[in-house]
Amino acid sequence: MEQYAIKGGNPLVGEVEIGGAKNAALAILAAAIMTDETVLIENVPDVRDTNVMMQAMESIGAIIERIDRHTVKISGKAIKDLVIEDDFIKKIRASYYLLGALLGKYNKAQVTLPGGCNIGLRPIDQHIKGFRALGADVRIEHGLIIAEAERLKGGHIYMDVVSVGATIDVMLAAAMAEGQTIIENAAKEPHVVDVANFLNSMGASIKGAGTDVIRIKGVSKLHGTEYTIIPDQIEAGTFMFAAAVTKGDVTVKNVIPKHLESISAKLTEIGCEVEESDDAVRVVAAKPLTHTHVKTLPYPGFPTDMQPQITVALGLSKGTSIVTESIFENRFKYVDELTRMGASIKVEGNTAIIDGVCKYTGASISAPDLRAGAALVIAGLAAEGTTVIDDIKFIERGYEDFDLKLQSLGAQIEKISSERELRKFRLKTG
Ligand code: UD1
């Protein structure tokens with residue numbers, strides 16, 4: 001089993017290139033099979049989740065050609081099977097996008113119920129409600145979601161919760177439905193807009209993505225396209241917080257600063273300097289960090305996917321901070337691991353009360369999920385001594401070359417897979 005060994009204490013300094021947005025890529029890859037023509041997608045991050053998604057697409061007959069590490073050519077022309085039971089696909093939450101894409105194109109789909117990060121109950125009732133509003137019959141049998149319709153017809157859907165997944169999934173299914181679909185209380189995340197832009201580049205007619213109300217005029221056919229995925233807001237934010245906790249000076253490059261506003265605002269509040277330019281953001285942490293309060297919210301609020309990273313920073317900030325998680329109900333599991341590193345955090349329901357400590361100390365810990373795993377790496381980078389993190393497969397679901405990018409900023413981090421390698425790492429790092 002691979003682990004990360006980290007020797008903390010080095011401030012991160014330098015520039016880092018941010019890759020394509022994983023969560024946009026997952027939906028865009030699935031959407032690419034909605035035409036029989038060829039689609040070229042650039043800036044696809046080479047992470048486990050996107051690779052699993054492409055593997056599932058291939059299992060039903062999609063032809064996927066990797067042009068280079070981040071560019072893929074996809075053809076959905078030869079799809080012959082509308083049943084996705086691939087064992088891997090259960091591991092990624094975004095498997096539900098194949099449901100929307102296949103239902104939208106073929107009026108029928110059967111996909112294994114999604115899994116993904118274990119961060120609380122993750123129902124898909126809003127996806128199902130949306131498909132039903134388009135006239136589909138949806139049922140769950142033998143662990144599969146089965147959706148079928150004679151013909152999809154546009155409908156009016158009010159989402160009971162703001163859901164990124166359901167908004168995108170209904171957009172996919174409605175792109176070729178007959179007539180107009182209106183999604184109210186839609187999610188406004190940058191990747192919702194990116195998926196709408198992608199579908200529009202294939203000939204769809206989607207207006208209002210990025211606002212509460214999305215209007216989709218069904219078209220009879222989608223065509224091939226070439227498209228570049230937006231940068232990953234969460235990968236960028238993770239490096240920005242890594243700069244903050246290591247008292248570093250990091251410029252994240254190839255980003256859209258507007259997408260990072262809530263993250264930049266919190267970093268400024270806790271005492272960092274944040275400089276924005278056209279496609280880069282520089283974070284300088286020259287002063288001691290101070291406490292703040294934060295509540296996760298749908299975009300443009302502070303992202304739930306950045307909650308563990310800000311908690312790690314606040315754990316080292318002067319004073320008492322409060323972090324409220326309002327999207328997922330079980331997203332503080334990593335706090336036990338952080339406590340082993342010396343943090344003083346009390347969790348009550350969906351709130352963490354954090355008393356800042358002056359340092360973390362290295363420990364052997366496990367990554368409980370993707371973002372919490374990345375946050376624990378950041379804690380290790382700031383800690384005194386060596387930290388060993390297990391279960392890094394979770395981190396690799398969403399971060400490409402995380403260890404290598406951190407190394408390029410001066411971090412002492414290595415992937416190891418034996419006691420012997422750990423001993424070597426300890427000897428090397430002193
Ligand atoms: C996506 C992201 C995930 C991020 C989350 C919130 C992907 C692959 N994952 O997940 O990284 O943390 O958005 O920004 O893009 N809900 C329902 N019924 C539904 C759907 C959702 O009640 O049918 C609830 C969820 O339990 C949660 C809230 O709505 O409390 C938001 O979830 P949602 O935005 O759908 O998250 P995901 O799309 O699963």
Side-chain angles (χ1 to χ4, degrees), residues 20-31 44-45 47-53 56 89-101 111 113-133 138 140 145 147 157-173 183 185-195 212 229-230 232-235 237-238 259 262-263 295-310 324-332 350 369-375 394-395 397-399:
K22 168 186 82 86
N23 288 345
L26 290 167
I28 287 173
L29 288 168
V44 180
V47 292
R48 220 166 51 112
D49 275 13
T50 51
N51 290 325
V52 169
M53 175 61 94
I89 200 73
K90 271 195 275 192
K91 299 194 181 119
I92 65 167
R93 173 85 181 148
S95 53
Y96 48 52
Y97 291 138
L98 289 169
L99 201 62
V111 179
L113 267 172
C117 271
N118 185 15
I119 53 178
L121 200 64
R122 297 178 81 171
I124 54 156
D125 56 309
Q126 299 304 305
H127 301 240
I128 294 175
K129 174 177 165 173
F131 296 151
R132 286 191 177 137
V138 188
I140 297 176
I145 311 172
I157 300 136
Y158 180 86
M159 295 284 178
D160 301 314
V161 289
V162 178
S163 160
V164 175
T167 301
I168 293 178
D169 226 1
V170 173
M171 233 160 53
L172 298 178
I183 308 175
N185 200 24
K188 296 181 280 204
E189 267 67 5
H191 40 295
V192 174
V193 180
D194 207 34
V195 179
D212 291 329
I229 291 171
I230 52 165
D232 198 305
Q233 174 204 14
I234 306 300
E235 186 194 12
T238 302
H259 295 169
S262 64
I263 296 166
K295 182 175 182 181
T296 61
L297 288 168
Y299 189 84
F302 192 84
T304 174
D305 284 355
M306 286 301 300
Q307 181 260 97
Q309 298 88 319
I310 195 170
T324 307
E325 172 56 58
S326 82
I327 310 290
F328 293 109
E329 73 276 13
N330 191 13
R331 215 171 183 176
F332 283 120
N350 68 342
D369 63 64
L370 165 60
R371 304 301 173 186
F394 287 119
I395 302 172
R397 284 187 43 200
Y399 292 88

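Hydrogens, waters and symmetry mates are skipped; everything else that's a heavy atom, side chains included, is used. Order of listing sets the numbers, starting from 1, for every ligand and every atom in it. Computed from a prediction, not measured in an experiment: that's the story for all the values here.
- Counting atoms of ligand 1 from 1 in the listed order, those under 4.0 Å from a heavy atom of Asp125 are 17 (C), 18 (N), 19 (C), 22 (O), 23 (O).
- The side chain of Val161, and not its backbone, has at least one atom closer than 4.0 Å to an atom of ligand 1 (non-hydrogen atoms only; side chain from C-beta on).
- The shortest separation from a heavy atom of Pro123 to ligand 1 is under 4.0 Å, placing the residue in contact.
- The Asn23 neighbourhood of ligand 1 comprises atoms 2 (C), 3 (C), 7 (C), 8 (C), 9 (N), 11 (O), 15 (O), with distances under 4.0 Å to a heavy atom of that residue.
- Contact between Asp169 and Phe131 at its shortest, heavy atoms only, is OD2-CZ, 3.4 Å.
- The shortest heavy-atom distance from Tyr96 to ligand 1 is under 4.0 Å.
- At a 4.0 Å heavy-atom cut-off, ligand 1 does not touch Met159 at all.
- Here Thr304 has side-chain heavy atoms under 4.0 Å from ligand 1, and that is the only part of it that gets that close.
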Would you tabulate the side-chain donor-acceptor contacts of residues 186-193 under 3.5 Å, counting partners in other chains and residues two or more places apart, or write 'none'?
| residue | atom | partner | partner atom | Å |
| --- | --- | --- | --- | --- |
| Lys188 | NZ | Asp212 | OD1 | 3.1 |
| Glu189 | OE2 | Tyr299 | N | 3.0 |

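- Within the 3.5 Å criterion, the main-chain N or O of Thr304 finds a donor-acceptor partner in the side chain of Arg331.
- For Lys129, no heavy-atom contact with ligand 1 is shorter than 4.0 Å.
- Taking any N or O of Phe328, backbone or side chain, none lies under 3.5 Å from an N or O belonging to ligand 1.
- Under the 3.5 Å distance criterion, the side-chain polar atoms of Asp49 are left unmatched by any main-chain donor or acceptor of Gly398.
- For the pair Ile327 and ligand 1, the shortest N or O to N or O distance falls below 3.5 Å.
- By the criterion of a heavy-atom distance under 4.0 Å, the side chain of Asp305, and not its backbone, is placed next to ligand 1.
- When each of Ile157, Asn185, Val161 is checked for a side-chain contact (heavy atoms from CB on, under 4.5 Å) with Gln126, only Val161 meets the rule.
- For the ligand labelled ligand 1, residue Ile168 lies outside the 4.0 Å heavy-atom shell.
- A donor-acceptor distance shorter than 3.5 angstrom exists from the side chain of Glu325 to the backbone of Ile327, with no hydrogens or angles considered.
- Without hydrogens or angle criteria, Arg132 side chain to Val138 main chain gives a donor-acceptor distance under 3.5 Å.
- Contact detail for Arg397 and Lys22: the closest heavy-atom pair is O-CD, 3.6 Å.
- Contact between Leu172 and Tyr97 at its shortest, heavy atoms only, is CD1-O, 3.5 Å.
- Using a 4.0 Å cut-off between heavy atoms, Asp49 makes no contact with ligand 1 at all.
- Other residues, nucleotides and ligands contribute more than 12 heavy atoms inside 6.0 Å of the NZ atom of Lys129.
- Atoms of ligand 1 found under 4.0 Å from any heavy atom of His127, numbered from 1 in the order shown, are 23 (O).
- Residue-to-ligand polar distances keep Lys22 apart from ligand 1: every N/O pair is separated by 3.5 Å or more.
- Of all atoms in ligand 1, numbered sequentially from 1 with element shown, those under 4.0 Å from a heavy atom of Arg331 are 12 (O).
- Annotation for ligand 1: atoms under 4.0 Å from non-hydrogen atoms of Gly165 are 35 (O), 38 (O).
- Of the possible donor and acceptor atoms, none in the side chain of Asn350 sits under 3.5 Å from a partner among the backbone N and O of Ser326.
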